Amino acid sequence: MVETIINMVVKRLAPIIEKRVRDEVNLVLNSANEAGSLVSKLTKVQELLDDAERKGVTDPQVKSWLGKIEDAAYEMDDALDEWEMKIHELEMEGSEDVSDCWEKVSSFIQSLCLCFEHVVDRRRIALKIKELNGRLESIAKENEDEFKFLPKLSGEKNQDSQDFKRVLETSYVDKSKVKGRDDDQKILVSKLLSESKQGNDIHIISIVGTGGLGKTTLAKLVYNDFKENQHFQQKIWICVSDPFDEIRIAKAILESINKTSPNLTEFQALLQCIETTVSGKRFLLVLDDVWKHDDKKWEPLKICLSKSAPGSKILVTTRNESVAKMMGSVDTHLLRPLSDSECFALLSQIAFEKQKEHHNILEAIGREIAQKCGGLPLAAKTLGSLLSFKDTVQEWNNVLSSEIWQMEIAEVEIFPHLYLSYNELLPAVKRCFSYCAIFPKDLEIDVNTLIRMWMAQGFLSGETTEKMELKGRQYIQDLAVRSFFQDIEEDDLSGHISSCNMHDIIHDFAQFLTKKYLPSHVLGTLKSVRVLDLSSCGLQELSPEIGNLIHLRYLDLSGNPIRELPRTLCDLYYLQTLNLNLLDNLSKLPEEIYKLINLRQLLVCYWSDAASIPQGLEKLTGLRTLSCFKTERGGSRLGWLKNLNQLERGKMHIIIDNLNEESDVIEAQNAALKNKDRLQSLCLQFRGEVRIDVMEALQPHPNLLRLLFCGYVGNEFPRWITTSRSLKNLKYLVIMYCSSLPPLGNLKALEELKISHNEKMKYLGREFLGITGDERAIAFPKLKSLKFISCVEWTEWEDITEEEEKDVVSIMPSLQELVVFNCSNLKALPHRLLRRTHRLLRRTPLDELDITDSHLLIEQFKSSGGYEFLSPTCQVKI
């Protein structure tokens with residue numbers, strides 16, 4: 001983990017040494033040489049970190065040594081923050097133009113004072129660099145005298161700690177000591193007995209789950225189920241482990257079948273021998289504990305094994321879903337945690353092996369302890385073993401009140417299994433994972449927030465914010481496929497992971513990794529803090545002292561009754577994320593917010609006055625998220641958005657007030673929404689009258705995926721909202737509080753359409769379908785969900801004619817869900833139109849029809865005994 005912060009410091013030092021040190025501070029204490037020496041020392045330390053971190057898992061003295069390095073590296077990073085900020089201040093002062101002669105005199109006097117001030121600052125920073133150099137010298141000497149860590153050779157892979165070696169498992173298992181896996185066993189046995197639909201490819205099934213969940217135990221149960229069963233002519237158990245040694249695996253397969261070790265060394269010869277041996281035979285091969293996804297090594301084995309008889313199966317156990325995919329798994333069995341009662345059954349079987357006094361009282365405590373296992377059989381066994389040596393109620397209560405990560409037995413029995421997966425991670429990903437220990441257990445983690453925090457801490461190195469965010473998403477994926485994260489939710493627009501949480505034992509492991517590893521500079525002062533979350537804490541006033549936290553990258557003030565933000569907030573030069581959501585009392589943003597040139601995310605609520613952003617917004621060209629922007633006469637102007645072309649992902653909400661003048665057209669054109677090709681979701685909310693040429697100028701980029709159109713009172717819609725070319729990727733469209741609807745049927749990518757609270761809409765005509773008379777055209781070709789919500793004045797939905805039903809183009813052929821909720825005056829649904837959604841069956845492909853609180857439709861449905869255009873399988877809600 002230390003390697004991450006050292007990498008960051010070395011990368012920051014390199015350009016400063018090349019460009020800045022020579023020009024800015026070379027005259028002060030020979031800082032350039034000091035900085036160069038620092039880089040040299042840090043680089044040498046980097047070479048030792050692999051060996052040191054491996055030993056530091058179990059050796060407190062080594063962990064302390066690593067902590068000293070981390071402290072020094074963080075302090076160097078703090079010093080570099082100050083250094084770069086002073087350089088920026090000098091550049092800003094040098095760029096200011098002074099025209100008045102008296103101002104020039106005043107400016108000259110001020111510059112003399114500032115010059116002296118800068119020299120003092122530069123001297124202090126240079127002295128800090130020199131002091132850190134001395135500390136690193138001392139730390140390096142401590143290694144030479146005591147630890148003697150070995151440098152990592154180029155290309156050398158991570159080695160497991162000597163204390164955490166993998167155990168090579170065999171197929172033998174005591175079934176009486178396994179709990180809660182009967183259903184899993186039946187499912188897998190059924191899959192192994194089923195006929196393969198893979199053609200010539202061999203059928204592969206994978207069991208996937210985190211360390212300690214019982215994958216190998218389940219594989220043993222399944223394997224032994226076939227011991228007396230003649231379904232498979234050959235049954236082979238191979239413990240693969242790491243590395244994936246294809247020659248050793250090939251030899252083991254032959255040895256298992258022939259009961260003798262082959263006298264062969266060449267992989268090609270071994271493969272030929274396997275092909276001959278398995279030819280025409282049906283076998284079951286278990287490959288236990290597969291770690292690496294190296295298809296170049298696996299593919300030759302897979303090909304020669306496929307020469308076997310039909311019905312042969314391979315069962316794989318792995319912690320990594322990517323490995324399961326690489327192996328070519330047809331079925332992936334994600335292993336669930338045990339229930340609390342199953343954990344207690346396993347724990348009590350071991351804990352009460354010898355009869356104890358107070359059995360009933362201890363059993364009640366034991367059930368509570370079982371809940372700490374988080375469904376992990378390994379934890380249940382470990383705690384059961386611990387409790388078997390404890391006889392009193394007090395001793396059991398002590399175990400109950402202790403955190404698992406604080407127990408010595410956890411370090412010996414549980415965490416080694418998790419450490420093996422952890423050791424597979426890159427150093428930067430290890431750092432990102434251990435940081436997750438700061439979250440409470442069972443918290444649903446917002447991935448965007450987590451990535452912003454990682455960025456703020458400097459864990460995501462990269463030249464641009466975009467590259468850092470991409471790297472963060474890749475790290476999230478790496479942790480998810482290795483089961484460090486669970487309960488994964490994906491964003492329906494991007495497909496990226498949007499939220500997750502951590503299994504309790506995984507969280508305990510993260511705390512174990514950090515329990516003696518928190519840098520002392522964080523404990524000693526808030527001045528060095530990079531992430532500050534003050535959300536929903538009742539804060540009424542933010543102190544002007546906030547400006548002294550110069551290293552701050554992430555600030556969350558959401559959910560507080562703050563009325564005003566101090567001007568000093570704008571002194572936070574390095575601030576990347578500012579969360580002002582749910583600040584209902586906040587009247588405005590500080591006037592100098594444009595000084596936050598490193599700001600990447602600015603989050604404000606659309607109902608807050610803070611959504612009116614002061615002039616200078618156009619200078620924040622690095623913004624990637626601007627959740628809301630409110631225009632108003634004499635205030636914020638649309639043209640300020642012109643240069644914000646990095647905006648992306650999270651929804652941007654633009655509130656537009658009464659834009660009905662000629663100058664407003666120019667402002668709308670200057671906003672250049674059509675140039676913002678990274679923006680995925682946009683809400684346009686209108687208040688008052690808006691000219692149609694302003695509307696036309698607000699055309700977004702064709703890459704837009706989601707659009708919310710709210711409050712438009714005009715009868716004429718902009719052309720771009722009705723043409724597929726303008727919105728060729730649009731999947732989700734919401735139209736709210738509008739008086740009419742444009743023809744939308746030509747939006748070829750549209751999958752979900754929601755019409756909500758169009759209270760003035762009384763009639764919906766066929767023009768809504770966008771039908772042009774072209775028989776090859778399809779209206780709403782990909783639309784899956786169509787919803788009308790609370791259109792209370794709506795009385796008629798025009799149907800197509802009988803002649804048109806025969807000749808008209810296909811309409812909504814993909815429609816699965818139709819909701820007409822609280823449209824109490826709508827007299828009927830367009831039966832012919834809905835029959836036309838399936839040209840051959842003359843029935844809609846609807847899976848669900850919801851007419852809740854639409855009273856006239858409900859009466860019609862009941863009186864007619866249902867709708868003839870519905871299929872028998874369609875679910876109707878009334």
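What you are looking at is a predicted structure, and each value in this text was computed from that prediction instead of being measured. No hydrogens, no waters, no symmetry mates; every other heavy atom, side chains included, goes into these values.
- Not counting sequence neighbours, the partners of Phe788 by the ring pair (Phe, Tyr, Trp, His ring centres under 6.0 Å) test are Trp794, Trp797.
- For residues 657-697, every residue pair satisfying the ring-ring contact (aromatic ring centres under 6.0 Å, His included) rule, not counting sequence neighbours, is listed here: Phe686-Phe709, Phe686-Tyr712.
- Here the CD atom belonging to Glu793 is positioned 13.0 Å from the OG atom belonging to Ser739, to the nearest 0.5 angstrom.
- Taking 4.5 Å as the limit, some side-chain heavy atom of Glu696 sits within range of a side-chain heavy atom of Arg719.
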Before you tell me yes or no, could you show the steps for Asn501 and Asp487 under side-chain hydrogen bond (donor to acceptor under 3.5 Å, both in side chains), namely the whole-Å CA-CA distance, both residues' side-chain angles and the distance that decides it to 0.1 Å? CA-CA 6 Å; Asn501 66 32; Asp487 297 337; 2.9 Å; yes
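- Annotation for Ser740 and Asn715: closest pair OG-O, 4.0 Å, computed over non-hydrogen atoms.
- The backbone N or O of Arg637 sits nowhere less than 3.5 Å from a side-chain atom of Thr631 that would complete a donor-acceptor pair.
- The side chain to side chain donor-acceptor pair (under 3.5 Å) search around Gln540 returns none, not counting sequence neighbours.
- For the residue pair Gln685 / His653, a side-chain donor-acceptor distance below 3.5 Å is found, with atom types taken as modelled.
- In this view, Tyr732 satisfies the ring pair (Phe, Tyr, Trp, His ring centres under 6.0 Å) rule with no residue, not counting sequence neighbours.
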How far apart are the C-alpha atoms of Thr625 and Leu647, what are their side-chain angles, what is the distance that settles it, and do they pass the side chain to side chain contact (heavy atoms under 4.5 Å, CB included) test? CA-CA 6 Å; Thr625 302; Leu647 294 172; 5.8 Å; no
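- Listed by chain and residue number, Phe768 satisfy the ring pair (Phe, Tyr, Trp, His ring centres under 6.0 Å) test with Phe780 (two or more places apart in sequence, or in another chain).
- Within the 3.5 Å criterion, the main-chain N or O of Ile497 finds no donor-acceptor partner in the side chain of Asp491.
- Side-chain contact check for Ser785 and Glu817: at least one donor-acceptor pair (N or O, by modelled atom type) lies under 3.5 Å.
- Closest of all the heavy-atom pairs between Leu572 and Ile546 is CD2-O, 3.3 Å.
- Between Asn645 and Asn675, the side chains place no donor N or O within less than 3.5 Å of an acceptor N or O (distance only, hydrogens not considered).
- When the ring pair (Phe, Tyr, Trp, His ring centres under 6.0 Å) test is applied to His551, no partner is found at least two apart in sequence or on another chain.
- Judged by distance alone, the side chain of Asn822 and the main-chain N or O of Ile789 form no donor-acceptor pair under 3.5 Å.
- Of all the heavy atoms in Ile655 and Cys628, the pair that sits closest is CD1-SG, 3.9 Å.
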Check the pair Leu620 / Asn643 against side chain to side chain contact (heavy atoms under 4.5 Å, CB included), numbers first and verdict last. CA-CA 8 Å; Leu620 303 182; Asn643 296 321; over 6 Å; no
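- The 12-atom threshold is exceeded at NZ of Lys676, counting heavy atoms of other residues, nucleotides or ligands nearer than 6.0 Å.
- With sequence neighbours excluded, the residues satisfying salt bridge (Lys or Arg N to Asp or Glu O under 4.0 Å) with Glu592 are Arg567, Lys595.
- Every residue meeting the side chain to side chain contact (heavy atoms under 4.5 Å, CB included) condition with Ala456, not counting sequence neighbours, appears here in chain and number order: Val531, Arg553, Tyr554, Gln576.
- Every side chain to side chain contact (heavy atoms under 4.5 Å, CB included) that Asp446 has, sequence neighbours left out, goes to Asn448, Thr449.
- To the nearest 0.5 Å, the span separating CG on Asn579 from CG on Leu555 amounts to 8.5 Å.
- Partners of Asn548 according to the side chain to side chain contact (heavy atoms under 4.5 Å, CB included) rule, which considers only residues two or more places apart in sequence or in another chain, are Glu545.
- For the residue pair Gln601 / Thr577, a side-chain donor-acceptor distance below 3.5 Å is found, with atom types taken as modelled.
- Listed by first and then second residue, the ring-ring contact (aromatic ring centres under 6.0 Å, His included) pairs involving residues 568-589 are His88-Tyr573 (not counting sequence neighbours).
- Between the side chains of Arg678 and Gln646, a donor-acceptor pair is found at a separation under 3.5 Å.
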Derivation and outcome, side-chain hydrogen bond (donor to acceptor under 3.5 Å, both in side chains), residues Asp78 and Ser528: CA-CA 7 Å; Asp78 288 350; Ser528 297; 2.7 Å; yes
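- With sequence neighbours left out, the side chain to side chain contact (heavy atoms under 4.5 Å, CB included) criterion links Val713 to no other residue.
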